Amino acid sequence: INLGGIHSQAGRLEQAIACYHDALAAFEGAARSARRGGDPTRLRGSWAKASMNLGHTLYKAGDFAGARRHLGAALRRYRPLMQTSPNLLPDVARTWVNEAHLAASRGRADRAHALYTRGLKTFQGLMRGAASSSPLRPDAANARLGLARVDLMRGHGRGSARRFEQAMA
């Protein structure tokens, strides 16, 4: 997963996609082995994160169908873990925001708004009581920027300007 992130950050999307596919295959094999001998719960979080990262990278590469498929797979893998592993909530919220980016790029403003809002509320809940330097601040700002873009799509210029200001604060 980490090597895929390095390639993605450097703009080498094809290499990142290959790394994420390799990670998914490794997690699938490890989960199959763990099912035979125990609980694969720990693997599911990493497996879901690899799906999320692949989905986001496919989105950046313009493969919207592939992005949707892998972001959906990430959410399906995260769903059974959300109650027992709250440490995964930031990644779940990032997946919602990535899904929102995809919906916005396809002109689905209402869906994008709902997903950005869900992600932002999750980030805000996790940051409540945390220091102002919370590592989730950039994620919350990303969701606010997405909401600002959706406001523009909907023709709400004042709301969009307010959200842009909130994101930059």
Side-chain angles (χ1 to χ4, degrees), residues 1-2 4-5 7-9 11 13-14 16-25 27-28 31 41 43-128 134-156 159-160 162-164 166-167:
I1 294 176
N2 293 339
H7 284 303
S8 182
Q9 290 292 323
L13 301 182
E14 287 183 27
I17 290 166
C19 288
Y20 292 134
H21 278 296
D22 288 347
L24 288 175
F27 286 126
E28 185 174 356
T41 302
L43 294 169
R44 286 190 185 132
S46 296
W47 194 3
K49 186 171 187 157
S51 294
M52 175 191 63
N53 289 342
L54 176 56
H56 181 69
T57 305
L58 289 168
Y59 164 76
K60 289 181 355 184
D63 180 356
F64 295 156
R68 177 69 190 102
R69 190 172 52 254
H70 287 285
L71 291 171
L75 288 172
R76 283 189 302 279
R77 289 183 179 119
Y78 279 130
R79 195 169 291 122
L81 304 174
M82 288 170 56
Q83 296 300 319
T84 58
S85 301
N87 60 310
L88 296 176
L89 285 176
D91 283 334
V92 174
R94 288 181 189 106
T95 306
W96 289 325
V97 169
N98 287 333
E99 282 247 351
H101 293 326
L102 182 60
S105 71
R106 299 174 110 184
R108 298 182 60 208
D110 291 340
R111 173 103 173 115
H113 186 275
L115 289 162
Y116 282 130
T117 299
R118 191 172 186 183
L120 179 59
K121 285 183 178 182
T122 302
F123 292 132
Q124 288 172 327
L126 292 168
M127 291 185 329
R128 200 167 286 121
S134 169
L136 297 176
R137 283 179 54 97
D139 293 302
N142 185 29
R144 284 189 183 96
L145 287 173
L147 283 166
R149 287 189 297 272
V150 169
D151 282 345
L152 280 177
M153 289 171 66
R154 292 173 156 179
H156 302 131
S160 178
R162 188 181 73 252
R163 289 192 199 272
F164 274 117
Q166 291 170 344

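For clarity, every value in this text was computed on a predicted model and none was experimentally measured.
Taking both residues in full, the closest heavy atoms of Tyr20 and Gly5 are given as OH-N, 3.0 Å, listed atom of the first, atom of the second, then distance. Considering every non-hydrogen atom in both Met153 and Ala109, the closest pair reads CE-CB, 3.9 Å.
Note on Asp151 versus Arg162: no salt bridge recorded, every NZ/NE/NH1/NH2 to OD/OE distance being 4.0 Å or above.
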Under 3.5 Å, side-chain donor or acceptor atoms of residues 113-123 against the rest of the protein: list the pairs with distances, not counting sequence neighbours.
unit_1 : atom_1 : unit_2 : atom_2 : d
Tyr116 : OH     : His101 : ND1    : 2.7
Thr117 : OG1    : His113 : O      : 2.8
Thr122 : OG1    : Arg118 : O      : 2.9

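How far CE of Met82 is from CG of Leu88: 9.5 Å, rounded to the nearest 0.5 Å. Interatomic distance, OG of Ser160 versus CZ of Arg149, reported as 9.5 Å (0.5 Å rounding). Between the CG atom in Leu147 and the NE2 atom in His156 there is a gap of 12.5 Å [rounded to 0.5 Å].
Heavy-atom contacts from other residues, nucleotides or ligands closer than 6.0 Å to CG of Asn87 number more than 12.
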For a side chain to side chain contact (heavy atoms under 4.5 Å, CB included) check, start with the C-alpha distance between Arg163 and Leu145, then their side-chain angles and the critical distance, and finish with the verdict. CA-CA 7 Å; Arg163 289 192 199 272; Leu145 287 173; over 6 Å; no

Show the numbers, then the answer: is there a side chain to side chain contact (heavy atoms under 4.5 Å, CB included) between Trp96 and Leu71? CA-CA 8 Å; Trp96 289 325; Leu71 291 171; over 6 Å; no

Is there a side chain to side chain contact (heavy atoms under 4.5 Å, CB included) between Asp110 and Arg154? Walk through the geometry before answering. CA-CA 9 Å; Asp110 291 340; Arg154 292 173 156 179; 2.7 Å; yes

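In this structure the side chain of Leu13 reaches within 4.5 angstrom of the side chain of Ser8, judged on heavy atoms. Contact of the Thr95 side chain with the Lys49 side chain is not registered, since no non-hydrogen atoms from C-beta on lie closer than 4.5 Å. Looking at Trp47 and Ile1, their side chains never come closer than 4.5 Å, going by heavy atoms from C-beta outward. Residues Arg44 and Tyr78 fail the side-chain proximity criterion, which asks for heavy atoms closer than 4.5 Å. A 4.5 Å side-chain heavy-atom check between Asn98 and Met52 finds at least one atom pair inside the cut-off.
Arg94 pairs by the salt bridge (Lys or Arg N to Asp or Glu O under 4.0 Å) definition with Asp91, Asp139, not counting sequence neighbours.
Annotation: side chain to side chain donor-acceptor pair (under 3.5 Å) contacts involving residues 62-77, sequence neighbours excluded, comprise Ser51-Arg77, Arg68-Glu99.
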